[in-house]
Q: 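Okay, handing you the structure first.
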Amino acid sequence: MPDNYLQVNRELWNTRTLTHIHSEFYDVASFKAGRNSLNDIELALLGDVAGKKILHLQCHFGQDTLSLARMGAIVTGVDLSEVAIEKARELATELNLDARFICCNVLELDKYLDEQFDIIFCSYGVIGWHPDMNAFATIVSKFLKPGGTYYLIEFHPFIWMYDNNQENILYSYFNDGPIVELEEGTYADKDAPIKNNSYTWNHPLSDVIGSLLKNGLELTDFQEYNYSPYNIFKDMAQDGNRYRLKAGKLPLVYAIEAIKK
């Protein structure tokens, strides 16, 4: 385990945030005008959240968190990047939305927060930044009320085995240790003049689901999708607000619903 992986990844997300807030991908202008940044997959899972107390893990600069606030939820967003949290707070103030934001490593959240939530939510590109799924699931279980629901919508570990052209398998499906890469540009702007190192981990579905079961959560729904709501992979075909790899044969996203016993 590299000692500095958190700092390296924090610097990456600090740099990315400064690009993302101005990108067409995140389209902050339309969000300020009232657009809900949540996608059909998570909206269908979450249902009516009015009055629900929600913890949003790895919230980036807060669009999804603030979308939940607009839907009537009582929300707390958490992220590693101090730049992202600063921008999230600025956005909440500008839009007069009631949301709390905490800057910390999710795995150390118990140092900053001592309460439980009706719902814990996280989506798209979350768990790969953590080396240990059991540690992540422990945090989920700690902050979820008995009878509360955890929703995870995530990119499928199968797709992370491939190179950027989805042609050759470069990485293991299993968590065999950190994947160290030099990232140029960003998924929100591939031509952005930024370059950062990153440490990520691929987590097989057995680790993700197994860690939840070991920490007192009961799986109540599991879905896999052959499309992504985001055009982040190479040569994707668009169908409305869905993007598929042209071959259309690989799973791109999965969703988990689990209830704390």
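This chain uses plain numbering: 1 for the first residue, then up along the sequence.
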Q: Decide yes or no for Pro146 and Gln116: does some side-chain heavy atom of the first lie under 4.5 Å from some side-chain heavy atom of the second?
A: yes
Q: So, Tyr26 versus His60, ring centres under 6.0 angstrom or not?
A: yes
Q: Please report the shortest heavy-atom distance between Leu80 and Cys103, naming the atom on each side.
A: O-SG, 3.5 Å
Q: Between Leu205 and Tyr173, what is the shortest heavy-atom contact and its length?
A: N-OH, 3.2 Å
Q: So for atom CD, which belongs to Glu24, do other residues, nucleotides or ligands contribute more than 12 heavy atoms lying within a distance under 6.0 Å?
A: no
Q: Inspect the contact between Lys53 and Glu115 and indicate whether a charged nitrogen and a carboxylate oxygen are less than 4.0 angstrom apart.
A: yes
Q: Under a 4.5 Å cut-off applied to non-hydrogen side-chain atoms, are Lys260 and Ser141 in contact?
A: yes
Q: Taking atom types as modelled, is there a side-chain donor on Asp189 or Thr19 under 3.5 Å from an acceptor on the other?
A: no
Q: If you draw the axis of the six-membered ring of Tyr227, does the NZ or CZ of Arg242 fall within 45° of it and under 6.0 Å from the ring centre?
A: yes
Q: Hey, could you give me the NZ/CD distance between Lys87 and Gln63, rounded to the nearest 0.5 Å?
A: 13.5 Å
Q: Do Val140 and Leu219 sit in the same hydrophobic cluster, where Ile, Leu, Val, Met, Phe, Trp and Tyr count as joined when their side-chain heavy atoms come under 4.5 Å apart?
A: yes
Q: Taking the six-membered ring of Phe61, is NZ or CZ of Arg16 closer than 6.0 Å to its centre and within 45° of its axis?
A: no
Q: State, with a plain yes or no, whether a side-chain heavy atom of Tyr150 is found less than 4.5 Å away from one of Cys122.
A: yes
Q: Could you measure the distance from the OG1 atom of Thr65 to the CG atom of Asp79? Nearest 0.5 Å is fine.
A: 8.5 Å
Q: If we only count heavy atoms from C-beta on, is the Tyr112 to Val78 side-chain gap below 4.5 Å?
A: no
Q: Would a single hydrophobic cluster contain both Met71 and Leu46, if residues Ile, Leu, Val, Met, Phe, Trp and Tyr are joined by side-chain heavy-atom contacts under 4.5 Å?
A: yes
Q: Side chain to side chain donor-acceptor pair (under 3.5 Å) between Asn168 and Asp163: does it pass, once the steps are laid out?
A: CA-CA 6 Å; Asn168 300 300; Asp163 61 18; 3.3 Å; yes
Q: Got Val75 and His56 here, is their nearest side-chain heavy-atom distance under 4.5 Å?
A: no
Q: Please round to the nearest 0.5 Å and tell me the distance separating atom CD1 of Ile232 and atom NZ of Lys190.
A: 7.5 Å
Q: Do the non-hydrogen side-chain atoms of Thr76 and Phe117 ever get within less than 4.5 Å of each other?
A: yes
Q: Evaluate Ser211 against Asn134 for side chain to side chain donor-acceptor pair (under 3.5 Å), listing each step before the verdict.
A: CA-CA 5 Å; Ser211 65; Asn134 187 65; 5.9 Å; no
Q: Check Tyr243, Tyr187, Trp160 against Phe233 for a ring pair (Phe, Tyr, Trp, His ring centres under 6.0 Å) and give me the one that passes.
A: Trp160
Q: May I have the step-by-step check of side-chain contact (heavy atoms from CB on, under 4.5 Å) for Cys59 and Ile85, ending in yes or no?
A: CA-CA 8 Å; Cys59 64; Ile85 290 297; 4.0 Å; yes
Q: Would you find more than 12 non-hydrogen atoms of other residues, nucleotides or ligands less than 6.0 Å from Asp114 atom CG?
A: no
Q: Can you tell me how far the CD1 atom of Ile119 sits from the OG1 atom of Thr149, to the nearest 0.5 Å?
A: 6.0 Å
Q: Would a 4.5 Å heavy-atom cut-off, applied to side chains only, mark Ile127 and Glu154 as touching?
A: yes
Q: I need the single residue from Asn231, Asp40, Asn39 that forms a side chain to side chain donor-acceptor pair (under 3.5 Å) with Asn241. Which is it?
A: Asp40
Q: Considering non-hydrogen atoms only, spot the tightest contact between Ser123 and Val126 and give its length.
A: O-CG2, 3.2 Å
Q: Output, in order, the C-alpha distance, side-chain angles, deciding distance and verdict of side chain to side chain donor-acceptor pair (under 3.5 Å) for Ser81 and Asn14.
A: CA-CA 6 Å; Ser81 164; Asn14 282 340; 2.5 Å; yes
Q: Please work out which of the three classes, parallel, tilted or perpendicular, describes the rings of His20 and Trp13, given edges at 30° and 60°.
A: perpendicular
Q: Going through the checks in order, is the side-chain contact (heavy atoms from CB on, under 4.5 Å) test met by Ile120 and Tyr151?
A: CA-CA 6 Å; Ile120 296 181; Tyr151 295 101; over 6 Å; no
Q: Please determine whether residues Tyr199 and Leu107 belong to a single hydrophobic cluster, defined as Ile, Leu, Val, Met, Phe, Trp and Tyr linked transitively by side-chain heavy-atom distances below 4.5 Å.
A: no
Q: Determine the minimum heavy-atom distance between Asp235 and Lys246, stating which atoms define it.
A: O-CG, 3.2 Å
Q: For Leu252 and Arg244, work out which heavy atoms get closest and say how close.
A: CD1-CA, 4.3 Å
Q: Less than 4.0 angstrom from a charged side-chain N to a carboxylate O is my criterion; do Lys142 and Asp110 meet it?
A: no
Q: Could you report the tightest heavy-atom contact between Leu144 and Gly148, atom names first, then the distance?
A: CD2-O, 3.5 Å
Q: Can you confirm if the aromatic rings of Trp201 and Tyr5 lie within a centre distance of less than 6.0 Å?
A: yes
Q: Under 4.5 Å between side-chain heavy atoms, counting indirect links through other Ile/Leu/Val/Met/Phe/Trp/Tyr residues: same cluster for Phe174 and Ile209 or not?
A: yes
Q: side-chain contact (heavy atoms from CB on, under 4.5 Å) for Glu108 and Val106? Distances and angles first, verdict last.
A: CA-CA 5 Å; Glu108 297 179 342; Val106 164; over 6 Å; no
Q: Apply side chain to side chain donor-acceptor pair (under 3.5 Å) to Ser67 and Ser37, showing your working.
A: CA-CA 6 Å; Ser67 290; Ser37 64; 3.0 Å; yes
Q: Does a donor on one side chain sit under 3.5 Å from an acceptor on the other, for Glu11 and Asn9?
A: no
Q: What distance do Lys261 atom NZ and Ile259 atom CD1 have between them, rounded to the nearest 0.5 Å?
A: 11.5 Å
Q: Does the side-chain contact (heavy atoms from CB on, under 4.5 Å) test come out yes or no for Val180 and Asn197, once each step is laid out?
A: CA-CA 7 Å; Val180 185; Asn197 290 314; 5.6 Å; no
Q: Please answer: with hydrophobic residues joined when any side-chain heavy atoms are less than 4.5 Å apart, are Tyr225 and Leu43 in the same cluster?
A: yes
Q: Pick out which of Ile41, Leu152, Ile153 makes a side chain to side chain contact (heavy atoms under 4.5 Å, CB included) with Tyr254.
A: Leu152
Q: For the residue pair Phe158 and Tyr162, categorise the inter-ring angle as parallel (less than 30°), tilted (30 to 60°) or perpendicular (more than 60°).
A: tilted
Q: I'd like to know if Glu183 and Lys195 make a salt bridge, using a cut-off of under 4.0 Å between side-chain N and carboxylate O.
A: no
Q: Take atom NZ of Lys234 as the centre, draw a 6.0 Å sphere, and report whether it contains more than 12 heavy atoms from other residues, nucleotides or ligands.
A: no
Q: Is any side-chain heavy atom of Leu66 closer than 4.5 Å to a side-chain heavy atom of Phe31?
A: yes
Q: Check whether the ring centres of Phe155 and Tyr124 lie less than 6.0 Å apart, and answer yes or no.
A: yes
Q: Strictly below 4.0 Å, N to O, side chains only: are Asp118 and Lys145 in salt-bridge contact?
A: yes
Q: Distance check, rounded to the nearest 0.5 Å: Lys52 atom NZ versus Asp48 atom CG?
A: 7.0 Å
Q: Salt bridge check: are Arg10 and Glu82 linked by an N-O gap of less than 4.0 Å?
A: yes
Q: Return yes if a side-chain donor-acceptor contact under 3.5 Å exists between Thr220 and Glu257, otherwise no.
A: yes
